[in-house]
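So the structure is just underneath, and the comments pick up after that.
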Amino acid sequence: MYLFDYDNLKGITQTEKGREYVEYLRNYYEENFADNPILALKYSYAKLFSINGNRTLFQAMYSDRRKRLMALQVLAIADDKYIEPLEDVLAAICDEFTWVLPAHAANHLIDLMAAETSMYLAETSYVMGERLSEEIRKRIYTSIENKIIKIYENNSFGTRFAPQA
């Protein structure tokens with residue numbers, strides 16, 4: 001049995017410790033995200049880094065989306081009522097104009113955060129399987145393909161550091 005199998009994870013959410021963790025995440029989600037819309041990542045916030053070095057506004061919105069995703073990954077396994085909000089945040093992350101943090105964008109087309117985002121999306125798609133709509137699973141695949149795989153395959157992730165011939 002693979003640890004990240006849906007049935008295994010579902011079973012974990014039904015143990016005493018699992019129920020405690022699910023309840024903790026439910027409270028965290030309700031307090032921080034349930035009544036708050038998923039706001040668009042603002043390009044103007046990303047641009048601030050190149051203007052004055054400010055990365056906090058963009059990164060706060062970026063991080064909030066990932067925190068929402070992390071909570072909903074577990075909650076959707078524990079309770080199907082969280083699948084729709086999970087799909088909403090997955091779609092929002094797929095729609096982001098970049099997964100690279102502004103502080104890294106001048107020198108990287110893939111950074112650790114972009115790679116980590118692709119891992120979260122792929123893992124969620126794998127674990128949830130057909131519980132997610134086919135459209136969302138296709139969007140995840142296409143987003144990872146365009147924002148990570150093609151860049152890596154073209155070796156364009158490091159060309160800005162390549163020695164000039």
Side-chain angles (χ1 to χ4, degrees), residues 4 9 21 24-77 82-129 131-165:
F4 294 112
L9 292 170
Y21 187 59
Y24 166 80
L25 287 176
R26 184 176 286 116
N27 290 334
Y28 177 79
Y29 176 78
E30 295 296 328
E31 289 173 19
N32 294 284
F33 304 116
D35 295 327
N36 298 326
I38 302 169
L39 302 174
L41 281 178
K42 294 185 177 185
Y43 176 74
S44 60
Y45 287 179
K47 196 167 71 171
L48 283 176
F49 180 76
S50 63
I51 295 170
N52 62 19
N54 184 332
R55 60 173 82 183
T56 57
L57 294 172
F58 181 86
Q59 286 183 196
M61 293 180 82
Y62 184 100
S63 295
D64 276 355
R65 286 169 170 235
R66 274 68 181 167
K67 291 173 188 175
R68 185 186 298 244
L69 173 61
M70 296 302 130
L72 286 168
Q73 285 174 318
V74 174
L75 293 174
I77 291 169
Y82 291 100
I83 291 175
E84 187 173 301
L86 174 62
E87 288 183 324
D88 288 341
V89 74
L90 289 167
I93 291 171
C94 287
D95 290 345
E96 291 173 356
F97 61 91
T98 184
W99 293 339
V100 176
L101 293 178
H104 306 164
N107 297 314
H108 300 285
L109 297 175
I110 300 173
D111 69 348
L112 179 60
M113 298 307 290
E116 188 176 69
T117 296
S118 69
M119 187 254 334
Y120 292 148
L121 297 180
E123 179 181 78
T124 303
S125 182
Y126 173 80
V127 169
M128 296 305 292
R131 290 164 192 84
L132 296 176
S133 70
E134 183 176 350
E135 180 183 349
I136 291 295
R137 288 181 284 134
K138 284 180 181 178
R139 287 177 76 183
I140 289 170
Y141 179 87
T142 301
S143 294
I144 293 170
E145 180 77 10
N146 291 332
K147 293 177 181 169
I148 302 293
I149 304 299
K150 286 180 180 177
I151 293 169
Y152 180 80
E153 286 179 342
N154 293 328
N155 196 27
S156 56
F157 64 94
T159 56
R160 293 185 178 132
F161 292 110
Q164 300 299 316

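In this text the structure is predicted, and so the values were computed from the model without any measurement.
Sorted by first then second residue, the salt bridge (Lys or Arg N to Asp or Glu O under 4.0 Å) pairs that include residues 103-129, not counting sequence neighbours, number zero. Pairs engaging residues 83-93 under the side chain to side chain donor-acceptor pair (under 3.5 Å) rule: Glu87-Ser133 [sequence neighbours left out]. Listed by first and then second residue, the salt bridge (Lys or Arg N to Asp or Glu O under 4.0 Å) pairs involving residues 91-103 are Arg65-Glu96, Arg66-Glu96, Asp95-Arg139 (not counting sequence neighbours).
Rounding to the nearest 0.5 angstrom, the gap separating the CG atom in Leu132 from the CD1 atom in Ile140 is 6.0 Å. In this structure, CG in Asn36 is found 11.5 Å from CD in Glu31, a value given to the nearest 0.5 Å. With values rounded to the nearest 0.5 angstrom, Leu39 atom CG is found 9.0 Å from Asp64 atom CG. Taking CG of Leu75 as the reference point, atom OH of Tyr29 lies at 8.0 Å (rounded to 0.5 Å). Rounding to the nearest 0.5 angstrom, the gap separating the CH2 atom in Trp99 from the CG atom in Leu112 is 14.0 Å. In this structure, Thr98 OG1 and Tyr43 OH are separated by 11.0 Å, a value rounded to the nearest 0.5 Å.
Counting only heavy atoms from C-beta outward, the side chains of Met128 and Ile136 never approach each other to under 4.5 Å. Between Ser125 and Arg137 there is a side-chain heavy-atom pair separated by less than 4.5 Å. You'll find the side chain of Leu101 reaches within 4.5 Å of the side chain of Gln59, heavy atoms only. When side chains are defined from C-beta on, Thr56 does not count as touching Phe49, because their heavy atoms never get closer than 4.5 Å. In this structure, Val100 and Leu109 have side chains that are not in contact, with every pair of non-hydrogen atoms separated by 4.5 Å or more. Residues Phe58 and Ser44 have side chains not in contact (no heavy-atom distance under 4.5 Å, counting atoms from C-beta outward).
Residues satisfying the ring-ring contact (aromatic ring centres under 6.0 Å, His included) criterion with Tyr45, sequence neighbours excluded, are absent altogether. Residues satisfying the ring-ring contact (aromatic ring centres under 6.0 Å, His included) criterion with Phe33, sequence neighbours excluded, are Tyr28. Tyr120 is linked by a ring-ring contact (aromatic ring centres under 6.0 Å, His included) to nothing, counting only residues two or more places apart in sequence or in another chain.
The shortest non-hydrogen separation linking Ile148 to Ala114 is CD1-O, 3.6 Å. Residues Leu86 and Ala76 approach most closely at CD2-CB, 3.7 Å, considering heavy atoms. Of all heavy-atom pairs between Val127 and Arg131, the closest is O-NH1, 4.1 Å.
Counted within 6.0 Å of CG on Asp35, heavy atoms from surrounding residues, nucleotides or ligands total 12 or fewer; the atom is thus considered open.
Ion pair Lys138/Glu134 flagged as a salt bridge, since at least one NZ, NE, NH1 or NH2 atom sits closer than 4.0 Å to an Asp/Glu carboxylate oxygen.
The backbone N or O of Ala60 lies less than 3.5 Å from no partner atom in the side chain of Ser63, so there is not a single donor-acceptor pair. In this structure, Lys147 contributes its side chain and Cys94 its backbone to a donor-acceptor pair below 3.5 Å.
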